[in-house]
There are 2 protein chains.
Amino acid sequence: MTVSEPTPAPDRPAEPSAAADHSLHAAEERFIEAMGLAHEEDRLPRIAGRLIGLLILSPDPVRFDHLAERLRVSRASISTNTRLLENMGVIQRVTRPGDRRDYFRINEEPGLLLRIADRYRTRQASAEEMKQALPPNAGGEVVVERLERLIRFYAILADSLQYVLGAVADGEGNSGSRSA
Amino acid sequence: MTVSEPTPAPDRPAEPSAAADHSLHAAEERFIEAMGLAHEEDRLPRIAGRLIGLLILSPDPVRFDHLAERLRVSRASISTNTRLLENMGVIQRVTRPGDRRDYFRINEEPGLLLRIADRYRTRQASAEEMKQALPPNAGGEVVVERLERLIRFYAILADSLQYVLGAVADGEGNSGSRSA
DNA sequence: CATCCTGTTCAGTCTTGACAAAACAAACCG
DNA sequence: CGGTTTGTTTTGTCAAGACTGAACAGGATG
């Protein structure tokens with residue numbers, strides 16, 4: 001969902017104040033790369049992860065082409081990955097009146113969370129279906145038990161994730177909107 | 001860790017009693033495939049996931065070559081993937097005195113769980129490092145807040161997983177060993 | 001010792017998906 | 001209108017990794 005911003009805030013990609021911070025910049029690079037790797041583990045393109053990292057560190061929305069420059073990546077990749085993240089509800093596209101360009105800002109994590117929760121619910125359903133299909137007379141007492149444990153496992157996992165979502169939202173400092 | 005079994009139980013890959021159950025077999029196939037897909041999402045080879053599914057449905061340890069037959073997959077793949085899962089603590093290799101062949105049984109889920117929990121702790125650490133590196137005077141109030149939220153997010157997530165582990169273990173019906 | 005049996009490792013094929021360059025489309029501007 | 005800016009789509013390349021067949025290794029067994 002594209003958001004329109006009345007206030008034309010300047011584009012500042014996390015430059016603090018003093019320009020002497022080599023270590024800060026290094027830390028930022030590390031963080032961005034770490035996010036890239038981390039999200040790669042979650043089946044997202046590495047660039048998408050880096051995008052998330054960069055946007056987390058950027059207090060104000062970042063311009064499309066700045067993303068490409070800063071991440072040293074083609075505009076094509078930025079286009080593809082921003083669209084991906086936008087559809088997932090992880091980032092928001094921001095536009096401003098009188099400005100033809102697109103800006104992006106982070107939309108916190110819950111989008112991802114729900115995705116993971118869904119995965120577990122799907123697995124829970126699979127296990128349940130299997131348990132139903134199992135004949136009651138079978139010698140597979142162990143199997144039934146195992147499936148029940150598995151069902152419980154996935155259920156609790158999904159519930160916990162839902163809980164985390166609530167917990168994170170509670171600690172919320174800003175009134176940013178939350179993705180469904 | 002290879003386990004030695006005193007009782008030479010027969011190899012029965014989940015055949016219930018009556019042979020008339022086409023639907024049961026179909027359900028098993030579905031379940032096995034579902035586990036294959038599910039675990040593929042978690043960066044495991046699909047065959048490894050199917051292996052997990054099959055072993056969940058098998059009350060008794062299954063012979064190496066039966067795994068290959070049942071899954072219609074090369075012995076090489078079985079070798080590779082059983083070793084993988086064994087190292088991860090997801091399955092156990094079972095041997096029997098006077099039998100040169102290898103059998104495998106499921107070792108419930110916790111191994112996987114801990115892996116996931118670890119992933120989140122790593123990410124938490126990344127976010128913490130970044131927060132430390134951030135100069136306190138910076139204009140990035142928002143960024144600090146965001147990082148704190150992220151840290152809390154990952155922390156709660158990892159903790160929840162740890163909790164799930166306990167909850168699943170509590171419901172444990174058999175006295176099977178638990179992987180660290 | 002020759003041979004089978006069982007599992008592992010190696011080398012090669014094939015699929016998948018990330019990424020980039022370039023062509024493209026749409027909106028704006030002169 | 002022709003040219004510019006901005007983002008998208010298409011096309012092609014490349015790398016990673018799953019899977020297999022075949023060669024291999026070690027132990028039993030005649």
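Reminder, nothing fancy here: chain letters follow the sequence lines and each chain counts from 1.
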Atom [atom1] of [X] to atom [atom2] of [N]: distance rounded to whole Å?
| X | N | atom1 | atom2 | value |
| --- | --- | --- | --- | --- |
| A/Leu71 | C/dA20 | CG | C1' | 15 Å |
| B/Glu69 | C/dG7 | CD | P | 12 Å |
| A/Asp99 | D/dT6 | CG | P | 8 Å |
| B/Glu41 | D/dG17 | CD | P | 18 Å |
| A/Leu84 | D/dG7 | CG | P | 18 Å |
| A/Leu37 | C/dA18 | CG | C1' | 15 Å |
| B/Asp102 | C/dT8 | CG | C1' | 11 Å |
| B/Asp65 | C/dC5 | CG | C1' | 10 Å |

Side-chain donor or acceptor of B/Arg123 paired with backbone N/O of A/Ala38 under 3.5 Å: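 Side chain of B/Arg123 to backbone of A/Ala38: a pair is present.
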Whether A/Asp42 side chain and A/Leu44 backbone form a donor-acceptor pair below 3.5 Å: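 No, A/Asp42 side chain to A/Leu44 backbone: no donor-acceptor pair under 3.5 Å.
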Under 4.0 Å: is that the gap between some side-chain N or O of A/Arg46 and OP1 or OP2 of D/dA15?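 For A/Arg46, the contact criterion (side-chain N or O under 4.0 Å from OP1 or OP2 of D/dA15) is not met.
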Does the side chain of B/Ser77 get closer than 4.0 angstrom to OP1 or OP2 of D/dT20 through an N or O atom?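 Indeed, a polar side-chain atom of B/Ser77 lies that close.
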Determine, for B/Arg50 against B/Glu33, whether the closest basic-nitrogen to carboxylate-oxygen distance falls under 4.0 angstrom.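 Result for this pair is yes, salt bridge flagged.
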Pair B/Arg121 + B/Asp159, salt bridge at N-O below 4.0 Å: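 Looking at B/Arg121 and B/Asp159, the cut-off is met.
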Let me know, please, whether A/Ile47 or A/Arg75 comes out on the 5' side of the other along DNA chain C by nearest nucleotide.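 The answer here is A/Ile47.
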Closest-nucleotide 5' rank along DNA chain C - winner of A/Glu40 and A/Ala76: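 On the 5' side of the pair lies A/Glu40.
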Starting the side chain at C-beta, find the nucleotide from D/dC19, C/dG7, D/dT8 nearest to A/Ser79.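 Between D/dC19, C/dG7, D/dT8, the one nearest the side chain of A/Ser79 would be D/dT8.
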Given D/dT20, C/dG7, D/dT9, which nucleotide is nearest the side-chain atoms of A/Arg83?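 Comparing D/dT20, C/dG7, D/dT9 against the side chain of A/Arg83, the answer is D/dT9.
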Donor-acceptor contacts under 3.5 Å from residues 125-134 of chain A side chains, at least two apart:
residue  : atom : partner  : partner atom : Å
A/Glu129 : OE2  : B/Arg30  : NE           : 2.7
A/Glu129 : OE2  : B/Arg30  : NH2          : 2.7
A/Lys131 : NZ   : A/Glu148 : OE2          : 3.3

Between A/Arg96 and A/Tyr103, is NZ or CZ placed under 6.0 angstrom from the six-membered ring centre and within 45° of the ring axis?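 Yes, A/Arg96 sits over the ring of A/Tyr103.
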Is the closest side-chain heavy-atom distance between B/Val90 and B/Asn107 below 4.5 Å?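 No, too far: nothing below the 4.5 Å cut-off.
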Under 3.5 Å, which protein N or O atoms sit close to an N or O of nucleotides 25-30 of chain D? Give each pair with its distance.
residue : atom : partner  : partner atom : Å
D/dG26  : N2   : B/Arg100 : NH1          : 3.3
D/dG27  : N2   : B/Arg100 : NH2          : 3.3

